[in-house]
2 protein chains.
Amino acid sequence: MTAPAGRAPTERADAARNRLRVLEAARRLLAADGFTELSLDAVAKEAGVGVGTVYRRFHNRPGLVYALIEDNETRFQEAFTRHCADGAPSAHDRLRAFLHGMAELVDDNRELLLLAEASAPAGRYRSAPFRRHHEQIAGMVTELAPGADAAYLADLLLMAYTPGLFDFQRTERGWDVDRIKGGLDVLIDGIGAAEEADRRLSHQ
Amino acid sequence: MTAPAGRAPTERADAARNRLRVLEAARRLLAADGFTELSLDAVAKEAGVGVGTVYRRFHNRPGLVYALIEDNETRFQEAFTRHCADGAPSAHDRLRAFLHGMAELVDDNRELLLLAEASAPAGRYRSAPFRRHHEQIAGMVTELAPGADAAYLADLLLMAYTPGLFDFQRTERGWDVDRIKGGLDVLIDGIGAAEEADRRLSHQ
DNA sequence: ACATCAACCGGAGAACTCTCCGTTTGGTGG
DNA sequence: CCACCAAACGGAGAGTTCTCCGGTTGATGT
């Protein structure tokens with residue numbers, strides 16, 4: 001009668017049980033074999049279910065891995081919402097907080113994200129998290145620089161968190177998260193400054 | 001004696017013959033089956049060589065597809081070099097020309113690039129073209145804004161050409177190339193403006 | 001011409017992804 | 001308690017990717 005509070009209307013008991021089994025099996029295999037590979041075949045075997053079950057529920061590897069990360073993502077969103085409620089910060093400050101927080105979120109889940117997007121990287125732009133983040137960033141950019149192409153700038157800002165790039169910068173280039181945050185700051189200031197310059201020009 | 005002018009020192013005749021066969025077979029299959037898939041097994045069969053031969057020479061699908069695009073890339077580089085020779089344009093103008101030209105290059109080869117990075121997207125950052133472009137862009141950014149983190153900004157500018165994103169913007173969002181160029185212009189101006197603002201602040 | 005050998009060839013085979021569909025089962029209304 | 005069926009299960013199988021290694025061959029020096 002009452003929906004089980006977890007998922008969509010009335011998830012069957014066996015489905016719920018198997019969902020947990022699969023997620024736990026995935027965590028177990030990742031802990032054992034490292035974060036560089038995760039065969040869904042192996043996950044199914046470890047979970048004691050058929051491969052069909054795994055694929056029906058999670059669609060593909062990114063789907064499974066995102067399910068593993070979901071909690072961190074919602075915590076990040078809550079933290080951001082809380083920050084916005086504190087003393088009504090300016091668009092500039094909110095954007096900065098969002099981008100910095102995002103950098104930390106991605107850094108914390110670097111290996112998992114990398115694994116997720118090793119396959120099906122094109123699906124990223126259609127995914128729900130990407131769309132949501134895009135909307136949020138575009139909103140703040142519009143506020144900060146009403147004249148600029150907010151949608152495009154939001155795209156580019158989001159690309160800063162592409163797992164492959166992020167990991168490359170952190171690992172191969174040896175940059176720390178602060179350097180990345182600093183780079184993003186330049187961009188934020190640049191967007192604001194370009195807008196200002198634009199305004200001065202057209203109001204001259 | 002004389003190197004065959006094509007490749008590394010003394011490519012064997014059979015190797016050269018097979019290389020061409022494979023490339024032609026790939027073009028044939030792409031023309032026939034569309035640009036959404038390209039099985040290297042099928043390419044090998046079509047070319048009349050073993051799969052091992054294909055993989056040894058091109059390593060993986062991106063490798064093969066990049067070989068297919070290589071000509072366009074060198075034409076782009078030559079055009080850019082020519083532009084830089086014309087009347088010594090400013091860093092701002094050169095960067096703008098480079099980014100716009102790149103947008104057209106990527107647009108022209110959209111389908112192939114998308115195909116190439118459908119697998120092995122992480123390899124992108126280590127690839128020779130990426131490194132070369134990065135260096136070129138970073139150089140111009142340094143000239144334009146000596147205070148900013150040129151390496152980071154170059155990374156981000158290059159991410160604008162990620163095949164998945166580019167195709168998404170063009171196809172799903174229905175943007176034309178000019179809109180993308182316009183978005184890049186805002187960024188270029190922003191980088192310059194932020195730098196200027198920075199300078200004013202520190203010289204105050 | 002011929003011997004030598006590094007480089008190349010080819011395809012069997014291991015591992016993986018994802019689909020398809022016949023079978024089973026949890027939930028519900030009578 | 002039972003009958004019903006939408007939903008979930010599972011694993012065989014088709015299609016790929018990529019590796020490995022025994023066999024072959026093109027280039028070179030004599």
Side-chain angles (χ1 to χ4, degrees), chain A residues 1-23 25-26 29-30 33-34 36-67 115-123, chain B residues 1-23 25-26 29-30 33-66 115-123:
Chain A
M1 185 156 286
T2 55
R7 294 266 134 184
T10 61
E11 178 186 32
R12 256 169 62 163
D14 52 347
R17 177 168 40 77
N18 280 343
R19 181 164 46 82
L20 293 182
R21 275 191 191 169
V22 168
L23 288 175
L29 286 183
L30 286 171
D33 302 350
T36 54
E37 58 176 28
L38 181 69
S39 153
L40 295 206
D41 250 13
V43 171
K45 189 176 291 182
E46 171 80 17
V49 304
V51 266
T53 303
V54 176
Y55 277 95
R56 183 162 3 80
R57 192 168 303 283
F58 298 104
H59 303 106
N60 44 33
R61 188 166 36 216
L64 174 56
V65 175
Y66 282 137
L115 181 62
E117 310 218 324
S119 59
Chain B
M1 186 162 286
T2 56
R7 296 267 130 182
T10 60
E11 177 186 33
R12 258 171 60 164
D14 52 348
R17 176 168 43 77
N18 281 343
R19 182 167 46 81
L20 293 181
R21 275 191 192 169
V22 168
L23 289 174
L29 287 183
L30 285 172
D33 303 350
F35 289 72
T36 54
E37 58 175 29
L38 181 69
S39 154
L40 295 206
D41 249 13
V43 170
K45 190 176 290 181
E46 171 79 17
V49 304
V51 268
T53 302
V54 176
Y55 277 96
R56 183 166 2 80
R57 191 168 304 282
F58 299 102
H59 303 105
N60 45 33
R61 188 165 38 214
L64 174 55
V65 175
Y66 281 136
L115 182 61
E117 310 218 325
S119 58

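All values derive from a computational prediction rather than experimental measurement. Lettering follows sequence order; numbering is per chain, from 1.
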Asks: Ignoring hydrogens, what is the shortest heavy-atom contact between Ala44(B) and Val54(B)? Give both atom names and the distance.
Replies: CB-CG2, 3.8 Å
Asks: Rounded to the Å, how far apart are Leu29(B) CG and dG15(D) P?
Replies: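 Going from CG in Leu29(B) over to P in dG15(D) covers 16 Å.
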Asks: Figure out the CZ/P separation between Arg17(A) and dT24(C), and round it to whole Å.
Replies: 16 Å
Asks: Between residues 33-46 of chain B and DNA chain C, which residues have a heavy-atom gap below 4.0 Å?
Replies: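 None - not one residue of the stretch has a heavy atom sitting under 4.0 Å from the strand.
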Asks: Rounding to an integer number of Å, can you tell me how far Arg61(B) CZ sits from dG15(D) P?
Replies: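 Whole-Å distance recorded here is 16 Å.
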Asks: Assess the residue pair Phe58(B) and Leu23(B) against the criterion (side chain to side chain contact (heavy atoms under 4.5 Å, CB included)); give the C-alpha distance rounded to whole Å, side-chain angles, the decisive distance to 0.1 Å, and a yes or no.
Replies: CA-CA 10 Å; Phe58(B) 299 102; Leu23(B) 289 174; 4.0 Å; yes
Asks: Could you measure the distance from the CG atom of Leu38(B) to the CG atom of Asp33(B)? Nearest 0.5 Å is fine.
Replies: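 Those atoms lie 8.5 Å apart.
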Asks: Closest nucleotide of DNA chain D for Val51(A) versus for Asn60(B): which of these residues is on the 5' side?
Replies: Val51(A)
Asks: Distances under 3.5 Å between protein N/O atoms and the N/O atoms of nucleotides 3-9 of chain C, please, pair by pair.
Replies:
from   : atom 1 : to       : atom 2 : distance (Å)
dA7(C) : N3     : Arg12(B) : NH1    : 3.0
dC9(C) : OP1    : Asn18(B) : ND2    : 2.7
dC9(C) : OP2    : Arg56(B) : NH1    : 2.7

Asks: Are Leu40(A) and Val51(A) packed together at the side-chain level, in the sense that at least one heavy-atom pair is separated by less than 4.5 angstrom?
Replies: no
Asks: What heavy-atom pair brings Pro62(A) and Ala120(A) nearest, and what distance separates the two atoms?
Replies: CG-CB, 4.0 Å
Asks: Quick check for you: to the nearest 0.5 Å, what is the distance between Arg21(B) atom CZ and Asp14(B) atom CG?
Replies: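 It comes to 10.0 Å.
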Asks: Taking only residues at least two apart or on different chains, which pairs with a member in residues 37-48 of chain A satisfy side-chain hydrogen bond (donor to acceptor under 3.5 Å, both in side chains)?
Replies: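 Those involving residues 37-48 of chain A are Arg28(A)-Glu46(A).
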Asks: Enter the distance from Glu11(B):CD to Arg17(B):CZ here, rounded to the nearest 0.5 Å.
Replies: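 Here the rounded value is 11.0 Å.
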